[in-house]
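Note on naming: letters A, B, ... go to the chains in the order of the sequence lines (proteins, then strands), and numbering restarts at 1 for each one.
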Amino acid sequence: MERRKCIMNCTIAVPSAAPGGLESPLGAHFGHCDLYTLVSADNGEISEVKVIPNVPHQQGGCMAPVQHLASHGVNQMIASGMGLRPLMGFNQMGIKVYFGGDAQTVGEAVQAMLDGKLTEFKQEHTCGGGSH
Amino acid sequence: MRWRKPLTREVQYRHRKQGKEMDNIVTVSAQAESWRGFTDALKELLSADIITVGSSSEAISLAQKNCPLAMVIDQNALDKPLAEMVREIMVIDAMINVACLSDLPEDEFHEKTEGLGILMQLSPNPDVSEAFQLASRIRQVSTTQGVTGTI
């Protein structure tokens with residue numbers, strides 16, 4: 001079943017390895033990536049791409065990147081790895097998180113999302129808590 | 001007494017940021033008296049109300065109603081595994097900072113709680129020096145979270 005496409009305007013954040021941008025590899029873990037690529041999409045088409053740095057944070061301060069992205073108007077997020085707390089933080093702020101799956105680059109992940117091919121990032125996808 | 005509509009979490013956070021409402025910290029302990037020095041110091045350092053409860057269910061109820069700045073949990077007071085308790089708190093409000101009393105070695109504690117965003121592991125009988133460390137960490141993360149104007 002094809003999932004609902006991103007047909008409205010949206011700003012998608014993707015954890016990225018340097019230098020960021022559509023050609024960059026996905027960052028393995030949302031909180032520990034070098035930077036975020038922010039992709040604006042309009043009616044399912046990419047309209048703008050920009051790169052912002054991650055914010056330094058200490059143990060237990062994993063809500064800092066969540067606030068950082070929210071302050072940049074992000075309303076969708078693609079991640080391959082994330083802990084429960086930031087996932088809940090995104091959800092509670094109304095930012096929907098998608099699981100990056102097999103995408104190798106930021107561009108592949110964003111296109112898959114725009115095509116409605118990514119699944120929602122759920123609690124069972126979160127890392128840690130003795131589960132690994 | 002006239003019924004008053006409960007404040008939404010956003011309004012509570014805004015009031016706190018504007019200094020209209022005092023921060024509160026919930027401690028979950030079956031033997032709160034034994035770490036009185038710790039809680040008194042935390043109260044003074046953060047200018048916060050300390051609310052002590054003795055069970056998981058009371059703690060969950062306060063997490064839902066009180067919008068606490070932090071919760072300090074003694075796993076001996078819980079009727080469920082610590083990780084499960086913290087998960088429940090995060091599902092209610094991921095902005096709540098959690099510190100846990102535990103005698104597990106640091107590596108083992110980290111393994112059991114990784115990804116849950118726990119701010120700090122405390123000793124089973126935390127003292128004043130640990131209150132200073134925890135207050136400092138709460139200040140640091142609260143500044144980046146932007147939820148409090150009183151500390």
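Taking hydrophobic clusters as Ile, Leu, Val, Met, Phe, Trp and Tyr residues chained together by side-chain heavy-atom distances below 4.5 Å, B:Met95 does not share a cluster with A:Val55. A:Phe30 and A:Leu35 are members of different hydrophobic clusters when ILVMFWY side chains are connected at heavy-atom separations under 4.5 Å.
The shortest distance between side-chain heavy atoms of B:Met90 and A:Gln123 does not fall below 4.5 Å.
Atom-to-atom distance recorded for A:Thr126:OG1 and B:Arg87:CZ is 4.5 Å, nearest 0.5 angstrom. Atoms CD1 and CE, on B:Ile89 and A:Met88 in that order, are 14.0 Å from each other to the nearest 0.5 Å.
Residues B:Val91 and A:Gln92 share a closest heavy-atom pair of O-NE2, 3.0 Å.
Within a 6.0 Å radius of CD in B:Glu44, other residues, nucleotides and ligands contribute 12 heavy atoms or fewer. By the neighbour-count criterion of 12 heavy atoms within 6.0 Å, atom CD of A:Glu23 is sparsely surrounded, having that number or fewer from other residues, nucleotides or ligands.
Under the 3.5 Å distance criterion, the side-chain polar atoms of A:Arg85 are matched with a main-chain donor or acceptor of B:Ala94.
B:Glu58 meets the side-chain hydrogen bond (donor to acceptor under 3.5 Å, both in side chains) test with B:Ser55; sequence neighbours excluded.
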